[in-house]
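Read the structure below first, then the notes.
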Amino acid sequence: MTVGAPREIQISTAPDHVLRLAECRPIDAIQELIWNALDAGASEVRVELDTNAAGVLREIRINDNGTGIPYQSATAGFGTIGGSLKRAAPKSNMSRPIHGKEGKGRLRALSLGRKVTWKTVYAEGSTMHEYGLEIRRDAPTAIRLSDATPQKSTAKTGTTVIVTDPLPKADSLDAAGQSEEAFRAFALYIKLYGGVTLFWNDKPYDVNKLLVGEEKAELSSGAILRVLYWSEQVGVSHLHLCNEAGIALHEIPLGVDARDLNLTACVCSTKASEWKETGQLALSELDSGIALLISTARARLREVIAKKLEDQGEDLVQQWKSEGTYPFSEPEESDRGKDVERTTFNKIALKIAEHHQPLVSGPPESRKLTLSLVRQALESNPSSLMIVLDEVLKLPKEELEEFSRLLKRTKLSALISATRLVVDRLDTIQAFSHIVFDDEWKKKLLERTQLHRLLVHEAWVFGEEFSLLADDEDLEAALQAHLEFLGNDVVTGDVENASSIDDEQKIPDLLFGMRAKRSYDLFEHLVVELKRPKCLLTQKELSQIQDYAFRVASDSRFNTQKVKWRFVLLGTRLDGFVETMVKQTQFPAGCVFQNDRISIWVQTWSDLINEAKSRYEFFREKLAVKASTEAGMENFTNDYPHLMKDRGSSKKKDLAISALKRKRNRSPDAR
């Protein structure tokens with residue numbers, strides 16, 4: 001049987017008006033089409049995304065097993081806007097409440113693609129019929145209606161919506177989490193009326209199988225907060241505003257920290273349908289009445305979530321006790337002190353369990369060890385434990401996962417030590433800057449008993465690659481250190497009589513040595529002549545460092561092609577003569593002499609500090625730490641109290657104090 005010839009249904013309105021009504025998010029359009037299927041009594045609705053080999057979306061299909069659309073209803077159902085046949089039928093043939101009554105939902109499909117086709121099979125008496133409708137974005141008021149043709153009696157009713165030539169924005173439907181977002185609006189409806197399974201690319205969303213619990217809470221004006229709990233994540237980022245039948249009419253941000261609970265929150269109100277029709281729901285948080293309801297619902301939801309988490313925590317603690325991993329034994333009688341200790345422990349352990357799955361479902365032996373360590377840390381240093389936990393547990397999920405992967409490659413203690421080293425060195429650089437440039441410190445800072453001694457302990461400021469070879473030794477002792485550093489296979493010449501290069505004025509402050517990175521057999525020595533901050537560097541001071549350099553160059557025992565010498569005069573201010581010398585065009589800036597074996601440099605404290613800072617700048621940025629002069633000075637005072645007060649300390653006394661300190665740090669009691 002054929003009902004009418006192929007024809008065109010005209011919507012009596014302007015095309016741009018139709019497209020404005022159709023405009024919405026792709027996910028909203030999918031939801032409207034699912035609601036149409038449920039209103040038609042469907043028990044199964046399938047959303048299928050067809051992509052090509054490159055992952056580009058080619059077609060969208062929404063298929064249902066509902067009653068289909070009777071042919072005689074096509075003109076009334078598709079030819080008008082603002083009215084729907086559903087108004088006359090408050091319930092579907094499955095005795096479920098009807099969602100749509102405005103007749104606009106079908107137009108939302110145009111927000112998905114340039115052509116939308118409906119293929120529907122319906123029953124008329126004992127005969128099955130099929131026909132199709134087509135609507136295009138380039139002519140949205142003209143709907144093409146095909147003939148209705150008889151089908152075999154075995155044909156099944158239902159409707160398939162096919163969207164071809166998808167719009168670019170529809171590609172978002174293929175992103176992770178879209179199925180959960182599309183389906184969450186149906187959770188309460190399906191829970192209340194049952195018999196419905198939704199599919200997204202063949203993956204089922206069966207409420208009856210996923211639902212593990214529900215809570216209700218009375219709100220003002222007869223509204224009800226309903227919270228559904230799921231066995232897996234279904235999307236919890238929104239609060240659904242529903243009518244009394246449980247049909248979600250609008251959604252807003254949840255506005256509550258749901259933690260890791262898998263839940264759907266719905267506020268059901270008898271006024272919701274009226275708010276929807278008057279447009280008040282679209283401005284929900286601006287409408288005073290609706291805003292008050294939302295505020296009340298969120299406050300109640302926080303209470304519900306807190307109670308749920310508390311119950312889960314009690315269950316987990318009981319699990320630890322039952323399996324013997326809980327680090328406390330049951331007391332024979334009440335002990336208030338122990339009760340407080342256990343309560344604090346439980347809160348911390350449960351907080352860790354939120355982010356550390358093994359405490360929930362890992363091996364019992366691992367759980368027992370972790371819980372024991374938490375107890376020990378809490379008893380030994382609770383304030384430090386709380387700081388660490390607070391920082392770690394605030395990490396976003398992605399950073400927490402990265403932290404976990406990092407701990408598989410190195411120890412937490414190593415991460416802490418490396419971070420502490422960088423932070424301490426940044427602070428130390430600031431402290432050196434302070435004592436060298438601060439007016440008060442410059443007046444009292446002494447060269448040998450303070451500044452020199454500090455540099456002995458913090459020699460890394462000259463470069464991580466250097467090792468201290470000689471500390472305030474004469475050239476003979478410096479030569480001996482040089483020979484020992486190089487080894488017998490490198491050194492040539494007689495070591496015995498070095499007196500020819502030694503007198504009271506030839507005592508370099510610091511001698512450093514390193515193996516060159518480019519070759520293991522190449523060496524570089526750094527000789528530093530240090531001047532106190534208030535000392536002006538003149539020709540006299542420059543001549544002193546030049547004298548050291550040329551004596552080394554003329555001595556056969558220093559004369560080896562495997563060693564290069566770098567001599568540095570370090571101070572804060574240069575006079576005109578020295579300024580001129582460091583700007584010679586034939587040498588690099590700061591260099592006053594250079595050949596293939598030795599170089600002589602004048603360096604200011606400002607340059608040294610900036611170079612040290614630059615070596616740590618990358619780490620400073622990544623650690624998001626700010627260097628602290630106060631912390632650096634505190635470290636100096638704690639580590640070297642004998643150098644930071646009065647007139648400092650002699651080399652002998654400083655070395656003795658440092659040796660005693662190292663011995664104490666190695667002792668078992670110190671640990």
Side-chain angles (χ1 to χ4, degrees), residues 1-11 18 22 29-48 50 59-81 83-89 91-94 96 98-137 140-165 195-199:
M1 172 183 174
T2 301
V3 183
R7 59 196 179 93
E8 197 174 80
I9 301 172
Q10 285 291 331
I11 301 176
V18 174
I30 294 293
Q31 289 178 340
E32 286 287 354
L33 294 171
I34 294 173
W35 277 122
N36 285 345
L38 296 179
D39 288 346
S43 60
E44 283 189 5
V45 185
R46 295 177 178 270
V47 180
E48 299 172 358
D50 181 17
E59 188 175 271
I60 304 168
R61 292 184 297 275
I62 297 90
N63 178 274
D64 70 66
N65 64 349
T67 59
I69 307 170
Y71 194 87
Q72 58 270 28
S73 303
T75 301
F78 283 81
T80 59
I81 295 177
S84 172
L85 293 175
K86 299 176 187 178
R87 286 185 177 273
K91 289 184 180 292
S92 71
N93 66 334
M94 301 292 289
R96 298 195 300 254
I98 295 294
H99 169 263
K101 297 180 182 180
E102 298 179 352
K104 299 177 182 178
R106 60 190 176 273
L107 297 177
R108 294 285 177 87
L110 285 175
S111 68
L112 295 172
R114 293 179 175 82
K115 185 176 80 170
V116 185
T117 303
W118 282 259
K119 292 184 178 180
T120 186
V121 177
Y122 68 98
E124 186 176 332
S126 59
T127 307
M128 308 296 287
H129 298 275
E130 180 180 11
Y131 69 95
L133 299 103
E134 180 183 297
I135 185 170
R136 296 174 178 267
R137 282 185 65 88
T141 60
I143 301 174
R144 300 175 184 180
L145 176 65
S146 71
D147 287 344
T149 58
Q151 301 295 302
K152 295 179 180 180
S153 59
T154 55
K156 296 182 179 179
T157 62
T159 300
T160 300
V161 183
I162 305 169
V163 180
T164 52
D165 196 5
V196 176
T197 302
L198 306 179
F199 294 83

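Here the structure is a predicted model, which means the values were calculated and not measured. Nothing fancy with the numbering, it's 1 onward along the sequence.
Gly195 and Ser43 get closest at one heavy-atom pair: O-CB, 3.2 Å. Of all heavy-atom pairs spanning Val196 and Ala42, the tightest one is CG2-O, 4.0 Å.
Val47 has its side chain out of reach of Leu198: every pair of non-hydrogen atoms, C-beta onward, lies at least 4.5 Å apart. With a 4.5 Å cut-off on side-chain heavy atoms, Trp118 and Ile135 count as touching. At a threshold of 4.5 Å between non-hydrogen side-chain atoms, the residues Glu59 and Ile162 count as touching. Looking only at side-chain heavy atoms (C-beta outward), Val161 and Asp64 stay at 4.5 Å or farther from each other. The side-chain heavy atoms of Met128 and Thr157, taken from C-beta on, include a pair separated by under 4.5 Å.
Remark: Arg144 engages Glu134 in a salt bridge (Lys or Arg N to Asp or Glu O under 4.0 Å) (not counting sequence neighbours). Applying the side chain to side chain donor-acceptor pair (under 3.5 Å) test to Thr164 and every residue at least two apart in sequence or in another chain returns nothing.
For Ser146 (side chain) and Tyr131 (main-chain N/O), no donor-acceptor pair under 3.5 Å exists by modelled atom type. Using modelled atom types, no side-chain atom of Arg108 and backbone atom of Leu33 make a donor-acceptor pair closer than 3.5 Å.
Each of Lys115, Arg114, Arg136 was compared with Asp165 under the salt bridge (charged side-chain N to carboxylate O under 4.0 Å, His left out) criterion, and only Arg114 meets it. Each of Asn36, Thr120, Asn63 was compared with Thr159 under the side chain to side chain donor-acceptor pair (under 3.5 Å) criterion, and only Thr120 meets it.
In this structure, CG on Asn65 lies 9.0 Å from CZ on Arg46, to the nearest 0.5 angstrom. How far CG of Leu112 is from CZ of Arg137: 9.5 Å, rounded to the nearest 0.5 Å. The distance from atom CD1 of Ile62 to atom CD1 of Ile34, rounded to the nearest 0.5 Å, is 7.5 Å.
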